[in-house]
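Heads up, the thing below is written out as structure tokens.
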Amino acid sequence: MKITALLAIWLLAALLLVSFTGVVQAETELAQLGINPLYGPELKSNDDFREMIKETFADLKKGFEKAGASDLFEDFVKQAEQPDIREIDVNPGKKLQWMIFKKGAVVEVIRDVVWIGKEPFAAFLLNVDKTGVRYPFVISAKSGNVSLALPMPIPVKELAPNDLPFCEADISPIFLATGEDVTVDASQSADPDGTVMSMLVQVEDASNTVLSKNIIDKPPFIERLTMTQAGDYLIRVSVTDDKGTESYSPGCPETKVAVTTPGSPETKVTVTTPEEAPVKKGASGNFVADMAIMHRHDLAYLPLRIGYDYALSGSFSILGMVGVAPVIDGNDDDDSIMADVTANFHRQRLFFGAGIGTWHSSMDDCLDAILNAGYSVYGDVGQFNISVFIEGRAAFDQLDELNDYGRLGAGLRFQF
């Protein structure tokens, strides 16, 4: 019995020793950085850090997937745009849940990492808050390797509601020549429960390609952009408060800027709030073609028209059209010729109009009152787009006989 008991105690001790050894061996001791870097150049500033995120975007995404943290990747990238990324020293003995690095061209992840170097290493600390938990990411300045430290609950005081910062920006001039500056002034922006920490100014070309994206993290939040090439540009502005909340409302509209070569005619542009679609470009217009099915009592026509829509402002235009209206059903009329002029009001993608038109055939000749309405279903308003519309018309001397002589139709309108 004594031998059996001693044997059992020895086996138990051996099992404990093996278990303890396994736990110890499960941790990866890291004593040197830079052998397998995720990113080559050393990170010396927040701007370097953001550039690293852009250049290693695909590798980072793959690393987050391998680490089982895909749900944190988008928040990580978004938080990297904020101005309050801290620079820290990681002391020996610091434990990290996992680390993303590259071995040659392959993205790898190691888990349970312990820094055992003789000296602290410089790093950036980026906190991602999600569903009541704060995920502290540590990014080595020397190698760009991204690690996750131990997540922790977010302090209750930081869960308090945060008011949006108030964005107020003035962008001028909105038409200029190449080599001149556009001034973006967001100095009147404010935060009701904190401080405005930064302004983001993004410039896009006519094809919606982002040309520049500048973060200004020092008051008074004024940026001057030198426009070197002619073209149409869209400038977007937002501000971010000290809690990382971004806002573009209510006074930071998307602004279109027209840049011409010196001596070219000035081109007016429009300013819209972010919720609105772009509207007419000003004293310019679009060629128009439409087709419809139109009924009058026991007749059916197929109107086909072409014309030009001249923009008086961002909300009003004059549309002139000519065309034909072949009879496709019925015997009380024959093919007609049309010439119409309507005034239209535009509200985002909607438009409403009224006007007059002539309707001529061998059997009828009249001056019509016209009402129409439509909605743009494809494309950009003021550029190429397709609209559906309805139109009602009747001769002025037949308005009291609409049931017999009124014409009602619906169709498609194309603007170029």
Side-chain angles (χ1 to χ4, degrees), residues 33-34 36-65 67 69-90 96 98-102 107 121-130 134-149 165 167 169 184 186 189 191 195-205 208-219 221-226 234-248 252:
L33 291 169
N36 295 302
L38 181 69
Y39 184 69
E42 184 175 352
L43 308 178
K44 298 181 179 180
S45 66
N46 282 2
D47 289 338
D48 290 345
F49 172 69
R50 295 187 186 95
E51 185 64 25
M52 185 272 286
I53 298 294
K54 293 178 183 178
E55 294 188 18
T56 63
F57 187 90
D59 289 337
L60 277 174
K61 186 174 183 181
K62 186 177 296 183
F64 272 72
E65 290 171 355
S70 298
D71 59 322
L72 296 176
F73 179 69
E74 184 176 340
D75 298 281
F76 174 86
V77 174
K78 184 176 181 180
Q79 188 62 32
E81 295 292 336
Q82 304 305 320
D84 56 347
I85 302 170
R86 291 171 50 198
E87 298 182 30
I88 61 172
D89 289 327
V90 178
L96 305 169
W98 46 257
M99 176 182 288
I100 301 172
F101 65 99
K102 285 185 74 173
V107 178
F121 69 84
F124 293 86
L125 174 65
L126 187 149
N127 290 316
V128 172
D129 295 342
K130 192 177 182 70
R134 170 160 293 169
Y135 297 87
F137 287 93
V138 176
I139 300 89
S140 166
K142 184 175 183 179
S143 64
N145 293 355
V146 177
S147 304
L148 175 64
C167 190
V184 181
S189 300
D191 184 29
T195 305
V196 173
M197 297 296 292
S198 67
M199 170 181 72
L200 172 65
V201 180
Q202 179 172 305
V203 180
E204 301 175 8
D205 63 14
N208 296 323
T209 300
V210 177
L211 302 179
S212 65
K213 200 171 184 179
N214 299 328
I215 295 177
I216 295 84
D217 55 8
K218 293 182 180 179
F221 305 119
I222 298 175
E223 175 78 337
R224 289 179 177 83
L225 308 170
T226 302
L234 183 68
I235 298 179
R236 305 176 190 268
V237 180
S238 64
V239 296
T240 300
D241 66 12
D242 52 351
K243 297 181 181 65
T245 302
E246 183 181 22
S247 176
Y248 50 75
C252 286

Passes side-chain contact (heavy atoms from CB on, under 4.5 Å), Val128 versus Phe137? Steps please. CA-CA 8 Å; Val128 172; Phe137 287 93; 3.9 Å; yes
Looking at [X] and [Y], what are the two nearest heavy atoms and their distance?
X      : Y      : value
Ser45  : Glu87  : CA-OE2, 4.4 Å
Lys44  : Asp48  : N-OD2, 3.0 Å
Pro136 : Leu125 : CB-CD1, 4.0 Å
Ile100 : Leu60  : CD1-O, 4.3 Å
Ala141 : Phe124 : CB-CE1, 4.2 Å
Val239 : Cys167 : CG2-CB, 3.8 Å

Rounded to the nearest 0.5 Å, how far apart are [atom1] of [X] and [atom2] of [Y]?
X      : Y      : atom1 : atom2 : value
Asp59  : Lys102 : CG    : NZ    : 4.0 Å
Ser198 : Asp242 : OG    : CG    : 10.5 Å
Glu74  : Lys61  : CD    : NZ    : 9.5 Å
Thr240 : Leu200 : OG1   : CG    : 7.0 Å
Phe221 : Ile215 : CZ    : CD1   : 11.5 Å

Please confirm whether Tyr39 and Phe49 have ring centers closer than 6.0 angstrom. no
[Y] backbone acceptor or donor facing [X] side chain under 3.5 Å:
X      : Y      : answer
Thr245 : Asp241 : no
Ser143 : Ser140 : no
Arg86  : Leu126 : no
Asn145 : Leu38  : yes

Do you see a donor-acceptor pair shorter than 3.5 Å between the side chains of Gln202 and Glu204? yes
Would you check, one step at a time, whether the test side-chain contact (heavy atoms from CB on, under 4.5 Å) holds for Met99 with Val146? CA-CA 6 Å; Met99 176 182 288; Val146 177; over 6 Å; no
[Y] side chain reached by [X] side chain, heavy atoms, under 4.5 Å:
X      : Y      : answer
Val184 : Met199 : yes
Leu225 : Val201 : yes
Leu234 : Val203 : no
Phe73  : Asp71  : no
Phe101 : Val107 : no

Other residues, nucleotides, ligands: >12 heavy atoms within 6.0 Å of Glu65 CD: yes
Taking the basic N atoms (NZ, or NE/NH1/NH2) and the acidic carboxylate oxygens, is any pair closer than 4.0 Å for Arg50 and Asp47? yes
CA sep, side-chain torsions, deciding dist, call: Asp217, Met197, side-chain contact (heavy atoms from CB on, under 4.5 Å): CA-CA 6 Å; Asp217 55 8; Met197 297 296 292; over 6 Å; no
Mind running side-chain contact (heavy atoms from CB on, under 4.5 Å) on Asn127 and Tyr135 for me, showing each step along the way? CA-CA 6 Å; Asn127 290 316; Tyr135 297 87; over 6 Å; no
